[in-house]
Amino acid sequence: RLTLTVLYAVLFLTHSLSTLLFTPLLVTYGIIAAWHIHNVSKGHRVRSLGLVGLSLVHAIGLGTFFLLPFLLEASNVQLQRAGVFDYHNHFLTLAELVSPPVSYDPYYITNAAPRSLPWPQLGLALVAFASTLISKRQGNRLISFSIRFHSILLALAIFLTSRLSVAVWDSLSIAYLIQFPWRLLSPATLLLAWLAAAGVACLPIPKIRFSLALLAIRSMFVFSLTWT
């Protein structure tokens, strides 16, 4: 509990918008994890959820000195009036989402940040999702549910980075605070990392699982080599 409280409070202080984007993901995952604890009573699960919620409340209390001005004064900040901060100008296309790694030039002061999803993790995520359609074993029901749920969240995050979601953004009062829809690639990448690990773990043969894990690590390194 103490670790969760401190880490969540630190997240407030490092980047407020990251807190805004990751909190729904954190809360949702905590609810699912607590509700699927094996061999415990319903009351114990509710208590576990209560302790997690209490830790988050304590973290908010620790970060109030930073969070409160952010919430109270956000309406006075109108960065969206400058075109560069208007979210309408920063949606991603499908080609950008699946684009290859960008070249890194060490002579540039500022290199363009990649706004794409990594191919190796995408491939492993597809393996994980396919395993939920193929496997019929009862023992895998929780894993299958988690993979499908994370896949839905990933699809939602990807959808919100595209121009197809402009009506959703227009209806959100906090959209102007996020500024750039491609910021949702951060939680999307976290979900993709979990699904990539699940894709390796779902393979039934240990030798294939180990070989694929080594290949995946190597592929991820090569994919990000231009940024090392």
Side-chain angles (χ1 to χ4, degrees), residues 7-29 56 59-60 63 66-122 125 149-196 220 223-228:
L7 290 178
Y8 191 60
V10 169
L11 184 59
F12 279 118
L13 305 180
T14 53
H15 201 262
S16 301
L17 293 178
S18 294
T19 307
L20 184 66
L21 296 176
F22 281 97
T23 295
L25 193 62
L26 176 64
V27 171
T28 304
Y29 182 81
L56 298 183
I60 293 173
F66 183 85
L67 181 64
L68 200 58
F70 170 75
L71 295 176
L72 295 179
E73 300 175 9
S75 60
N76 298 323
V77 180
Q78 301 180 24
L79 292 176
Q80 72 276 11
R81 296 180 64 180
V84 69
F85 294 112
D86 186 351
Y87 61 83
H88 291 91
N89 301 324
H90 296 284
F91 288 106
L92 299 179
T93 64
L94 180 61
E96 289 176 303
L97 276 172
V98 296
S99 61
V102 297
S103 299
Y104 178 81
D105 191 337
Y107 295 102
Y108 277 16
I109 296 176
T110 303
N111 284 269
R115 296 171 187 170
S116 62
L117 296 172
W119 294 352
Q121 289 91 319
L122 277 173
F149 184 78
H150 282 74
S151 298
I152 291 172
L153 291 180
L154 175 62
L156 178 61
I158 292 174
F159 170 72
L160 289 174
T161 65
S162 71
R163 189 163 294 279
L164 295 174
S165 65
V166 66
V168 178
W169 284 87
D170 289 340
S171 65
L172 294 174
S173 60
I174 61 172
Y176 75 96
L177 290 176
I178 300 175
Q179 301 169 350
F180 308 116
W182 46 259
R183 276 181 165 153
L184 287 166
L185 288 179
S186 294
T189 302
L190 178 62
L191 290 165
L192 202 57
W194 190 94
L195 288 169
M220 293 172 191
F223 195 87
S224 61
L225 188 60
T226 55
W227 282 89
T228 56

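Residue numbers run from 1 in the order of the sequence given. Everything numeric in this text was worked out from a predicted model, so none of it was measured.
Side chains of F91 and T161 form no contact here, defined as non-hydrogen atoms less than 4.5 Å apart. Counting heavy atoms from C-beta on, the side chains of L97 and S116 never come closer than 4.5 Å.
Considering only residues two or more places apart in sequence or on other chains, L13 meets the side chain to side chain contact (heavy atoms under 4.5 Å, CB included) condition with F65, F66. Taking the side chain to side chain contact (heavy atoms under 4.5 Å, CB included) definition, one finds that L164 meets it with F159, S162, sequence neighbours left out. For S99, there are no side chain to side chain donor-acceptor pair (under 3.5 Å) partners two or more places apart in sequence or in a different chain. Take T23 and apply the side chain to side chain donor-acceptor pair (under 3.5 Å) test, not counting sequence neighbours, and it matches Y8. W169 is linked by a side chain to side chain donor-acceptor pair (under 3.5 Å) to S165, counting only residues two or more places apart in sequence or in another chain. Residues satisfying the side chain to side chain contact (heavy atoms under 4.5 Å, CB included) test with I152, not counting sequence neighbours, are none. Qualifying side chain to side chain contact (heavy atoms under 4.5 Å, CB included) partners for S171, counting only residues two or more places apart in sequence or in other chains: none.
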Legend entry - Derivation of the side chain to side chain contact (heavy atoms under 4.5 Å, CB included) call for D170 and Y87: CA-CA 9 Å; D170 289 340; Y87 61 83; 2.6 Å; yes
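Taken to the nearest 0.5 Å, the NE2 atom of H150 stands 6.5 Å off from the CG atom of L25. For the atom pair CD1 of I178 and CZ of R183, the computed distance is 8.5 Å after rounding to the nearest 0.5 Å. Atom CG of residue L184 and atom CG of residue L156 lie 8.5 Å apart, to the nearest 0.5 angstrom. To the nearest 0.5 angstrom, R163 atom CZ is 10.0 Å from H90 atom NE2. The CG atom of D86 sits 10.0 Å away from the CD atom of Q179 when rounded to the nearest 0.5 Å. Distance check: L122 CG to L117 CG gives 5.0 Å after rounding to the nearest 0.5 Å.
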Compile the donor-acceptor pairs under 3.5 Å between side chains in residues 188-196 and protein atoms, sequence neighbours left out, one pair per line.
{"unit_1": "T189", "atom_1": "OG1", "unit_2": "L185", "atom_2": "O", "d": "2.6"}

